[in-house]
Amino acid sequence: MSNLQVKLFINEQKNKLHSQPKEVREREREREMATSGTYVTEVPLKGSAEKHYKRWRNENHLFPDAVGSHIQGVTVHEGEWDSHGAIKIWNYTCDGKPEVFKERREIDDENNAVTFRGLEGHVMETLKVYDVIFQFIQKSPEDIICKVTMIWEKRTEDSPEPINYMKFCTSMAADMDKHVIKA
């Protein structure tokens, strides 16, 4: 959806809202003023869930070569590349701006899931909680999905919702697909 389509959709929804009963309008205003939330989406991928999971779990050092338009560098601050609880520092570009993100890694081998728990960095300036879970699920022998779940909480009511970071994460997962298939 383009920015123009999103704006048109929002205006359309606002117009619909004004024709709703007062209690419905009040509930909608409360929802718009949310200070926390969860985004979930599925990114279709090819190949095996295990191969994708391995890349996200063990091989973050390959990200700058694989998805350099998103990730420019990854370093281990504490722990090992593939260890549960490792702390990593990411240099990345979101919305055309260079940013830094420090995260603690949680690994769930049983569910092919990796969680990035935000500790410091640009995104943490506006959010108290920023957790992103990448789970790889085999749908058929050739097709998988990467279920991306983002759990967030704003620092203040004025802070923007992190929809741009959700777009960044889903775009990175989709772009990594090409690199994993080639490997």
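Keep in mind that the numbers below use all heavy atoms, side chains included, and drop hydrogens, waters and symmetry copies. This one's a predicted model, so the numbers in the text were calculated from it and none came from an experiment.
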Using atom types as modelled and distance alone, determine if a side-chain donor or acceptor of [X] lies under 3.5 Å from a backbone N or O of [Y].
| X | Y | result |
| --- | --- | --- |
| S159 | T126 | yes |
| D177 | A173 | no |
| H122 | E99 | no |
| R117 | R104 | no |
| H52 | Q135 | no |
| T93 | G96 | no |

> Does K102 NZ have over 12 foreign heavy atoms under 6.0 Å away?
Replying inline: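 It does: K102 NZ has more than 12 such atoms within range.
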
Note, [X] side chain near [Y] side chain (heavy atom, < 4.5 Å):
| X | Y | result |
| --- | --- | --- |
| K147 | T149 | yes |
| I71 | M172 | yes |
| W56 | C146 | no |
| F136 | N111 | no |
| I133 | I151 | yes |
| D143 | K46 | yes |
| V148 | V43 | yes |
| H70 | F63 | no |

>> Test of understanding: with ring pair (Phe, Tyr, Trp, His ring centres under 6.0 Å), list the residues that count as partners of H61, not counting sequence neighbours.
In response: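 H61 satisfies ring pair (Phe, Tyr, Trp, His ring centres under 6.0 Å) with W81 once adjacent residues are dropped.
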
> With sequence neighbours excluded, what pairs up with Y53 under the ring pair (Phe, Tyr, Trp, His ring centres under 6.0 Å) test?
Replying inline: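 Listed in chain order: nothing, the list is empty.
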
> Would you call D109-R57 a salt bridge at under 4.0 Å N-O?
Replying inline: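 A salt bridge is present here (some side-chain N lies under 4.0 Å from a carboxylate O).
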
>> Taking side chain to side chain contact (heavy atoms under 4.5 Å, CB included) as the definition, give me every residue that meets it alongside S83, ordered by chain and number, with sequence neighbours left out.
In response: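 S83 satisfies side chain to side chain contact (heavy atoms under 4.5 Å, CB included) with E80, A86 only.
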
>> The criterion is side chain to side chain contact (heavy atoms under 4.5 Å, CB included); which residues satisfy it with S48, sequence neighbours excluded?
In response: E50, K51, Q138

> Step by step, would you call N164 with C94 a side chain to side chain contact (heavy atoms under 4.5 Å, CB included)?
Replying inline: CA-CA 8 Å; N164 60 327; C94 184; 4.0 Å; yes

> Taking ILVMFWY side chains as joined if any heavy atoms are under 4.5 angstrom apart, and letting links pass through other members, which residues group with I145?
Replying inline: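 Noted: I145 shares its cluster with I137.
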
> Are R105 and N60 close enough that a side-chain donor and a side-chain acceptor fall under 3.5 Å?
Replying inline: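 Yes - a donor-acceptor pair under 3.5 Å links their side chains.
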
> What pairs of residues pass the ring pair (Phe, Tyr, Trp, His ring centres under 6.0 Å) test when at least one of them lies in residues 91-110, not counting sequence neighbours?
Replying inline: Y92-F168, F101-Y130

> Can Y165 and W152 be said to form a ring pair (Phe, Tyr, Trp, His ring centres under 6.0 Å), step by step?
Replying inline: CA-CA 11 Å; Y165 289 102; W152 54 272; over 10 Å; no

>> Rounded at 0.5 Å granularity, tell me how far CE in M124 sits from CD in E120.
In response: 9.0 Å

> Between F116 and W90, is the ring centre distance below 6.0 Å?
Replying inline: yes

